[in-house]
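Each chain gets a letter, A, B and so on, in the order its sequence line appears, and its residues count up from 1.
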Number of protein chains: 2
Amino acid sequence: MALRHAVLAALLDGELSGYQLAKAFDLGVANFWHALPQQLYAELARLERDGLVSGREIVQDTRPNKRVFTVTDAGLAELERFAAADGKPSFIRDDLLVKVQAADHVDAGEVIARLTERAAFADAKIRLLGGLLRKLRGDRGEEEFLRHGERIGPYLTCLRGLAFEQGNRDWCRRSAAILEERRAAHARE
Amino acid sequence: MALRHAVLAALLDGELSGYQLAKAFDLGVANFWHALPQQLYAELARLERDGLVSGREIVQDTRPNKRVFTVTDAGLAELERFAAADGKPSFIRDDLLVKVQAADHVDAGEVIARLTERAAFADAKIRLLGGLLRKLRGDRGEEEFLRHGERIGPYLTCLRGLAFEQGNRDWCRRSAAILEERRAAHARE
DNA sequence: TTGAGCATGTAAGGGGTTACATGATTGC
DNA sequence: GCAATCATGTAACCCCTTACATGCTCAA
């Protein structure tokens, strides 16, 4: 039940509506979790019912009204408990890796295509995260920000997201190159 | 529905029983996917029912009999189709990152403890995977193996798993150090 | 006028986790 | 004797995904 806590953590930086949360969790700008809008609306309802967040209506003229949510003291206490509990390590679960695992037995061209697609996606995300980090740290240098910036949490999770995508991109490119070369070698025989 | 394909991919290297599969998927030796024994037994039953794998009984004296499974031609065809389909990118979903995201608002000591635990876990897995890679490539050098070794798929997924855990370990250590230093600085004020 | 963005949901189904159940053998 | 390993499942529950539904505004 970590979606609860992910939502609570996301709301620590200020009140947000379900829609705003959804955008953050969807693009993976929230690098610590991923969720679809439907989940978030449902989870926010549950959180409010349980008193961990409180919502207030914001009336808007040109756009539909919205409800924004804030973490309550009970919500903070719940996060505190969560942080102290030990979780199990997260495992990789990725379609692409399954395809690569089978690369010797299926059409290598298709696998190479998937790897290339993913590398491009990772590259786009790397640029996105780079910008986000720059925005978070403002005009301070990284060292300086890490030492004295307020709100270090989001910066650290962003760094993990960045490293993850760089790992993805590098591995995808290298793997694609290796499979390509083997395919070429095979064709020469 | 990628567990199917993960199981098929795992069976490409030779027939395995549900129990053997479970061990591989549990320890994450299968770096491309993770699954619990119950899922695997259920999935193997479905795969056999659908004709994608075929099982045969192996009678054993001292231990309980077991059923081992092989990928059928239909199974291979299914994998082929799967490899050609494009999947969506996999997102991070990790308790630990949620905790770090909230690090400014909860007891930093607890978060540091969680980071340290995870770094140790990652370290253990790095050693495990290092051994696995050495075993896979035998006495050949890596370059040589990547070019001419048969069964490159498992090696590549293993490489991804290794890089992932190295990323984890490095990030955990760095983040823990940063939080530690900030805590010390705060205490001095 | 068509599509994109804002804003919030419901419902069904599939996949994963947790808990439970059984029973034999091997090593400490 | 007790724990761990081998070996295979069932059942309940929760979480996530997919599909569907509504309606208003703004820009191309």
Only pairs under 3.5 Å count here: list side-chain donor-acceptor contacts from residues 100-107 of chain A, not counting sequence neighbours, and write none if there are none.
unit_1: A/Gln101; atom_1: OE1; unit_2: B/Thr157; atom_2: OG1; d: 2.8
unit_1: A/Asp104; atom_1: OD1; unit_2: B/Ile152; atom_2: N; d: 3.0
unit_1: A/Asp104; atom_1: OD2; unit_2: B/Ile152; atom_2: N; d: 2.9
unit_1: A/Asp104; atom_1: OD2; unit_2: B/Gly153; atom_2: N; d: 3.0
unit_1: A/Asp107; atom_1: OD1; unit_2: A/Gly109; atom_2: N; d: 3.0

Protein-nucleotide distance ([X], atom [atom1]; [N], atom [atom2]), rounded to Å:
{"X": "B/Leu36", "N": "D/dC13", "atom1": "CG", "atom2": "C1'", "result": "14 Å"}
{"X": "A/Met1", "N": "D/dC16", "atom1": "CE", "atom2": "C1'", "result": "15 Å"}
{"X": "A/Leu40", "N": "D/dC16", "atom1": "CG", "atom2": "C1'", "result": "12 Å"}

Notebook entry, point to check: Who are the ring-ring contact (aromatic ring centres under 6.0 Å, His included) partners of A/Phe25, not counting sequence neighbours?
Noted result: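 A/Phe25 satisfies ring-ring contact (aromatic ring centres under 6.0 Å, His included) with A/Phe32 once adjacent residues are dropped.
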
Check: What is the distance from atom OG of A/Ser175 to atom CG of A/Leu115, rounded to the nearest 0.5 Å?
Finding: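 It comes to 5.5 Å.
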
Note to self: Using heavy-atom distances to pick each residue's nearest nucleotide on DNA chain D, tell me which of A/Ala35 and B/Tyr41 is more 5'.
What the structure shows: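 Looking at DNA chain D, the more 5' nearest nucleotide goes with B/Tyr41.
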
Next item on the list: Walk along DNA chain C from 5' to 3' and tell me the first and last nucleotide with an atom closer than 4.0 Å to a non-hydrogen atom of chain B.
Entry: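 Contact span on the strand: C/dG15 to C/dT26.
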
Check: Which pairs with one or both residues in residues 87-102 of chain A pass salt bridge (Lys or Arg N to Asp or Glu O under 4.0 Å), sequence neighbours excluded?
Finding: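 Checked against salt bridge (Lys or Arg N to Asp or Glu O under 4.0 Å) - neighbours excluded - the pairs reaching residues 87-102 of chain A are A/Asp94-A/Arg118.
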
Donor-acceptor pair, side chain of [X] and main chain of [Y], under 3.5 angstrom:
{"X": "B/Arg114", "Y": "A/Ala84", "value": "yes"}
{"X": "A/Arg183", "Y": "A/Ile178", "value": "no"}
{"X": "A/Arg182", "Y": "B/Leu146", "value": "yes"}
{"X": "B/Trp171", "Y": "A/Leu156", "value": "yes"}
{"X": "B/Gln39", "Y": "B/Leu36", "value": "yes"}

Checklist line | Strand contacts (DNA chain D) in residues 8-23 of chain B, 4.0 angstrom heavy-atom criterion | finding: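 Output list: B/Ser17, B/Gly18, B/Tyr19, B/Lys23.
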
Checklist line | For DNA chain D, the residues among residues 80-101 of chain A that have a non-hydrogen atom under 4.0 Å from it | finding: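 Correct list: empty, so none.
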
Notebook entry, point to check: Which class fits the ring pair A/Phe91 and B/His34: parallel under 30°, tilted 30 to 60°, perpendicular over 60°?
Noted result: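 A/Phe91 and B/His34: parallel rings.
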
Checklist line | Test side chain to side chain contact (heavy atoms under 4.5 Å, CB included) applied to A/Ala24 - qualifying residues, sequence neighbours left out | finding: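 For A/Ala24, no residue satisfies side chain to side chain contact (heavy atoms under 4.5 Å, CB included) once neighbours in sequence are set aside.
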
Note to self: Once side chain to side chain contact (heavy atoms under 4.5 Å, CB included) is applied, do any residues pair with A/Gln20, and if so which ones, sequence neighbours excluded?
What the structure shows: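 Here the qualifying residues are A/Leu16, A/Ser17, A/Lys66, A/Val68.
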
Give the table of side-chain donor-acceptor pairs shorter than 3.5 Å for residues 72-79 of chain A, with sequence neighbours excluded, one pair per line with atom names and distance.
unit_1: A/Thr72; atom_1: OG1; unit_2: A/Gly51; atom_2: O; d: 2.7
unit_1: A/Thr72; atom_1: OG1; unit_2: A/Leu52; atom_2: O; d: 3.0
unit_1: A/Thr72; atom_1: OG1; unit_2: A/Ala74; atom_2: N; d: 3.4
unit_1: A/Thr72; atom_1: OG1; unit_2: A/Gly75; atom_2: N; d: 3.1
unit_1: A/Glu78; atom_1: OE1; unit_2: A/Arg81; atom_2: NH1; d: 2.5
unit_1: A/Glu78; atom_1: OE2; unit_2: A/His5; atom_2: NE2; d: 2.9

Notebook entry, point to check: For the base of D/dT18, is there a side-chain donor-acceptor partner from A/Gln38 under 3.5 Å away?
Noted result: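 Looking at the base of D/dT18, it does pair with a donor or acceptor on the side chain of A/Gln38 (distance under 3.5 Å).
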
Item checked: Helical bend (five base pairs per end, nearest 10°) for the helix from C/dT1-D/dA28 to C/dC28-D/dG1 ->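 End-to-end axis angle for the helix from C/dT1-D/dA28 to C/dC28-D/dG1: 40°, rounded to 10°.
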
Check: Can you name the closest pair of heavy atoms from B/Leu44 and B/Gly18 and give their distance?
Finding: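 Distance-wise, the nearest heavy atoms are CD1-CA, 3.5 Å.
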
Note to self: Within residues 42-69 of chain B, which residues have any heavy atom lying less than 4.0 Å from an atom of DNA chain C?
What the structure shows: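 DNA chain C contact set from residues 42-69 of chain B: B/Thr62, B/Pro64.
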
Under 3.5 Å, which donor-acceptor pairs link side chains of residues 123-135 of chain B to any protein atom two or more places apart or in another chain?
unit_1: B/Asp123; atom_1: OD1; unit_2: B/Arg169; atom_2: NH1; d: 3.1

